[in-house]
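By convention in this document, chain letters (A, B, ...) are assigned in the order of the sequence lines, proteins followed by strands, and residues within each chain are numbered from 1.
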Amino acid sequence: MPNITLPDGSIRSFDGSVDGFELASAIGPGLAKSAMMMIVDGNERDLSFRIEQDCNVVIITRKDAVALDLIRHDCAHVMAEAVTELYPETQVTIGPAIENGFYYDFYRERPFTEGDLETIETKMHEIIDRGDPFEREVWARDEAMSHYEKIKEPFKVELIEGIPDDEPISFYRQGNFLDLCRGPHAPSTKHVGHAFKLMSVAGAYWRGDSSNPMLQRIYGTAWPDEKKLKAYLNMLEEAEKRDHRRLGRELDLFHMQEEAVGSIFWHPRGWSLYREIEAHVRRRLEDGNYKEVKTPQLIDRSLWEASGHWDKFRENMFTADSEDDRTLALKPMNCPGHVQIYKQGLKSYRDLPIRMAEFGSCHRNEPSGALHGIMRVRAFTQDDAHIFCSEDQITSESIIFCDLLRKIYKDFGFEDVRVKFSDRPGVRAGDDVTWDRAEEALKNACEAAGLETTLNPGEGAFYGPKLEFVLRDAIGRDWQCGTLQVDFVLPERLDANYIASDGSKKRPVMLHRAILGSMERWIGILIEQYAGRFPIWLAPVQAVIATITGDNDDYAYKVLEECKKVGLRAAVDVRNEKINYKIREHSNAKIPVILVVGTKEQENETVAVRRLGGKSQEILALDDAVNTLLKEATPPS
RNA sequence: GCUGCCGUAGCUCAGGGGUAGAGCACUCCAUUGGUAAUGGCGAGGUCGACAGUUCAAAUCUGUCCGGCAGCACCA
């Protein structure tokens, strides 16, 4: 005799057990038709689930946000059915819903081709139109095992082995397709709808482990309706236009070429951007009482052995031989070098904290498949710093750091940053007591700094826990930029110490920290963030002076001189082209300001100020215009 | 690194066993024009590299290099 409480607070009573279909029908025929699944006391259930006891129930229709994952997961099953129908030799493995869609991993000898995707898609539409119901079955463990052993699907056997004993082993059947699955699913394949598209095929290791066999992953996207699908595909197209690799070329910022894979050739405009960013961070660091240093590129392997990098990082290091038979390594990190500076002379507790910064040029031999534009390269510059402090300074230094980081992110237009807290990994240095202290200190700092973090379990560095500050690029990929890492190990390995107030010798703690992460990655993110339309203080060319006719050339050069005198980055365009042509070209080049000078302006010593994207113009006296621009071009204070 | 796809002019792309194509960009000429493309002429390519098949390879095959997507790895 269940009494069922609905989201509006009303209660429905039934004489006997009731399933979701019956419940939805009792509420209304419209709901019965559009119902996809239900949530019973917080648990997602199929509509066919029988309710025996009093509970709270929410009926989910395709309009509900949670239905999105359901549709995508259903769609993955439909895809798996299509694939097994078309290519019976294929083994299915797993197929979850993900952000924006779903995927399914298959195992087969011959990989899928792009052409196969179309075939599969057609078959999927067919299956959806067939509208077979998704039917849940619960099997005994040994039955399930022997089923998959019999049909020779070792991946599924492995999955069953991983299901805890107290969990039911459920299958879902639709038509002739049967799949091990936790569920829930919509009532039938018809409920998936036709607003989906298969996007790509790629290899993916079984269980995400590169020592396992590689599966064939098909990615798809699925939405409640056609309109949302179109909007998503549109968004992808728009995102492609702000891809930093494309804008880097279009705006003449940098290029890369085969002879220097993973390294960047910065063009004048890109380098201007780079220098402006560096200068700004440098100002902020000076305000934050950091001292900037510079350490060697090539360092003898003995130091890397002592620091532990030779052991842990050897594969990623470039080496070179010197004439006296030494093996030198291009630095992949700056920390050992900074410790060397710290160790020059005795340090007292009174010297701490020491905040040592470097725009450290690092080389890492990244796997070729990891390289990505200027976001992931082999030669990059970290806005690195190490804070040498005592253990009881960890929290306060972390808070100061988080404030600085947020200030700098805000300067560059990033207000919302996701922060991951990575705690102790399985393989680590240092004892558990030390780890407890380090994690505690970092946690306290996050709280005090008002940072919301998500836990990234087991992903800390081997020497300590870390915070990762993550930004997202135009095509939805996440990139770690800033980081804060607590390290008790390196000072020990490299024998750094200080004299405490009681006269004893103590180990300092090292906080490894970066804000931008790498200049290169940061610029990549920045290009995409602004879609190439940089704020005027960062813009490589802040203003172009464009003439109407050749008679205005002299005056144009005079305007240029005035701009340059106050430090504005300006250029003239005295080409024999119409003003329309010049406007269009400099607008496409995303120059923030165009100063048009014609005979009228020349006679009155004025300029016509036209801003990027603006429709109108403003006539200003030359002095006023220069002063206004100068003010706007001042970096954030 | 692994799997798949791709590589033709500076860019975007067509073509495809027998003399290499377009648009934009570039050069030069004419045009001196008021807020997102003035008109015309011209130049520009060992068709990623190397091997093989063939009378003949940009085209077919193989190997390598590089790029792209994903996986793995990571700032």
Worksheet item: So, is Arg610(A) near the phosphate of rA36(B), with a side-chain N or O under 4.0 Å from OP1 or OP2?
Response: yes
Worksheet item: So is Arg72(A) actually on top of Phe102(A)'s ring, under 6.0 Å and inside 45° of the axis?
Response: no
Discussion item. Could you check whether Arg108(A) makes a cation-pi contact with Tyr87(A), meaning its NZ or CZ is under 6.0 Å from the centre of the six-membered ring and within 45° of the ring axis?
Written reply: yes
Counting side-chain heavy atoms from CB outward, which of [options] is closest to [X]?
| X | options | result |
| --- | --- | --- |
| Arg364(A) | rA69(B), rA75(B), rA72(B) | rA75(B) |
| Lys578(A) | rG33(B), rG34(B), rG70(B) | rG33(B) |
| Gln617(A) | rU3(B), rU35(B), rC74(B) | rU35(B) |
| Ser200(A) | rG4(B), rC74(B), rA69(B) | rA69(B) |
| Tyr581(A) | rC71(B), rA36(B), rC26(B) | rC26(B) |
| Ala608(A) | rU12(B), rG34(B), rU32(B) | rG34(B) |
| Asn580(A) | rU35(B), rC71(B), rA69(B) | rU35(B) |
| Arg584(A) | rU3(B), rA36(B), rC71(B) | rA36(B) |
| Arg249(A) | rA75(B), rC11(B), rA69(B) | rC11(B) |
| Tyr205(A) | rC71(B), rG66(B), rG34(B) | rC71(B) |

Worksheet entry | Option from Tyr107(A), Tyr104(A), Phe106(A), Tyr219(A) for which ring-ring contact (aromatic ring centres under 6.0 Å, His included) with Phe112(A) holds | Phe106(A)
Please determine, for [N], whether a Watson-Crick or G-U wobble partner exists with both distances under 3.5 Å, and give it or none.
| N | result |
| --- | --- |
| rC71(B) | rG1(B) |
| rA37(B) | none |
| rG21(B) | rC13(B) |
| rU46(B) | none |
| rG7(B) | rC65(B) |
| rU32(B) | none |

Take atom [atom1] of [X] and atom [atom2] of [N], then tell me their distance rounded to the nearest Å.
| X | N | atom1 | atom2 | result |
| --- | --- | --- | --- | --- |
| Glu240(A) | rG67(B) | CD | P | 18 Å |
| Ile583(A) | rU38(B) | CD1 | P | 12 Å |
| Glu259(A) | rG48(B) | CD | C1' | 11 Å |
| Asp105(A) | rU3(B) | CG | P | 16 Å |

Item to complete: With RNA chain B as reference, determine whether Val261(A) or Arg376(A) sits nearer its 5' end, using the nearest nucleotide of each.
Response: Val261(A)
Practice prompt. Could you check whether the rings of Tyr274(A) and Trp271(A) sit parallel, tilted or perpendicular, using 30° and 60° as the cut-offs?
Written response: parallel
Item to complete: Look at the aromatic rings of His244(A) and His372(A) and report parallel, tilted or perpendicular, splitting at 30° and 60°.
Response: tilted
Please state the [atom1] separation for the pair [N] and [M] - nearest whole angstrom.
| N | M | atom1 | value |
| --- | --- | --- | --- |
| rU12(B) | rC29(B) | P | 30 Å |
| rC74(B) | rG17(B) | C1' | 47 Å |
| rC47(B) | rA57(B) | C1' | 11 Å |

